[in-house]
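Worth saying up front: this structure is predicted, and the values here are computed from it rather than measured.
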Amino acid sequence: MVLLSWGSASAAGSCLPPVQPWMPTNADDVQEYADLLRRDAETYFADVERYFRCLDQQRREVFEQAREISEEYARVLELVDSVRK
C-alpha cells in the first residue's frame, strides 16, 4: 500500500502549470515593455501547450496503470475467493 501511494503522488506532481506573465494596464508600461511583453506572452502560450501535452500524457499513463491494477486486483480477489472455499 505504501508503494502504491508513493507512486501515485509522484505521478501526480510532474506537470507544472506555466507561470502567468505580467501584463501591465498602464499604456506607458505597455509601450515601454512591448517587446518583452510579446516574448513573455509567446513563451507563456508555448508553455501552456507543453503543459496540456504533459497532462494528456499523464492521463494516458494513469489510465493504463488503472487498467493494469484492475486486472491485478481481479486476480487477487480470485485468490481470496479460492482460499475461502
Side-chain angles (χ1 to χ4, degrees):
M1 287 296 248
V2 173
L3 289 177
L4 180 62
S5 297
W6 176 80
S8 297
S10 67
S14 59
C15 292
L16 298 175
V19 176
Q20 295 178 4
W22 171 67
M23 290 292 148
T25 55
N26 179 295
D28 291 336
D29 288 341
V30 170
Q31 289 297 321
E32 179 73 24
Y33 301 107
D35 291 337
L36 178 62
L37 295 170
R38 186 176 297 110
R39 281 194 309 268
D40 285 353
E42 290 170 3
T43 298
Y44 172 76
F45 291 122
D47 290 348
V48 165
E49 288 181 36
R50 276 191 292 279
Y51 174 67
F52 287 143
R53 282 193 302 272
C54 180
L55 291 177
D56 289 343
Q57 179 63 34
Q58 273 195 337
R59 180 183 181 280
R60 285 188 296 274
E61 290 171 3
V62 171
F63 186 82
E64 180 60 26
Q65 288 172 359
R67 187 192 59 74
E68 291 170 2
I69 294 298
S70 176
E71 291 172 359
E72 291 175 17
Y73 184 56
R75 284 190 295 275
V76 166
L77 291 178
E78 287 175 12
L79 287 171
V80 168
D81 287 344
S82 68
V83 170
R84 288 186 181 166
K85 292 180 181 178

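Taking a 6.0 Å sphere around CD of Glu68, one finds it holds more than 12 heavy atoms contributed by other residues, nucleotides or ligands.
Residues Glu61 and Gln57 have side chains that bring a donor and an acceptor to within less than 3.5 angstrom of each other.
Cys15 and Leu55 make their closest contact through SG-N, 3.5 Å (heavy atoms, listed as atom of the first residue, atom of the second, distance). When all heavy atoms of Ser14 and Cys54 are compared, the pair lying nearest together is O-SG, 4.3 Å.
Under the 4.0 Å criterion applied to side-chain N and carboxylate O atoms, Arg59 and Asp56 are not assigned as salt-bridge partners.
Here the side chain of Thr43 pairs a donor or acceptor atom with the backbone of Arg39 at under 3.5 angstrom.
The CZ atom of Arg53 sits 7.0 Å away from the CZ atom of Arg50 when rounded to the nearest 0.5 Å. One distance of note links CZ of Phe45 with CG of Asp40; it measures 11.0 Å at 0.5 Å rounding. Rounded to the nearest 0.5 Å, atoms CG (Asp35) and CZ (Arg38) are 5.5 Å apart. One distance of note links CD of Gln31 with CG of Leu37; it measures 10.0 Å at 0.5 Å rounding.
Put simply, Val19 and Trp22 are part of two different groups of oily side chains (I, L, V, M, F, W, Y) that touch within less than 4.5 Å, one to the next. Cluster membership check: Tyr51 shares its hydrophobic cluster with Tyr44, using side-chain heavy-atom separations under 4.5 Å among Ile, Leu, Val, Met, Phe, Trp and Tyr.
Looking at residues two or more places apart in sequence or on another chain, you find a side chain to side chain donor-acceptor pair (under 3.5 Å) between Arg67 and Glu64, Glu71.
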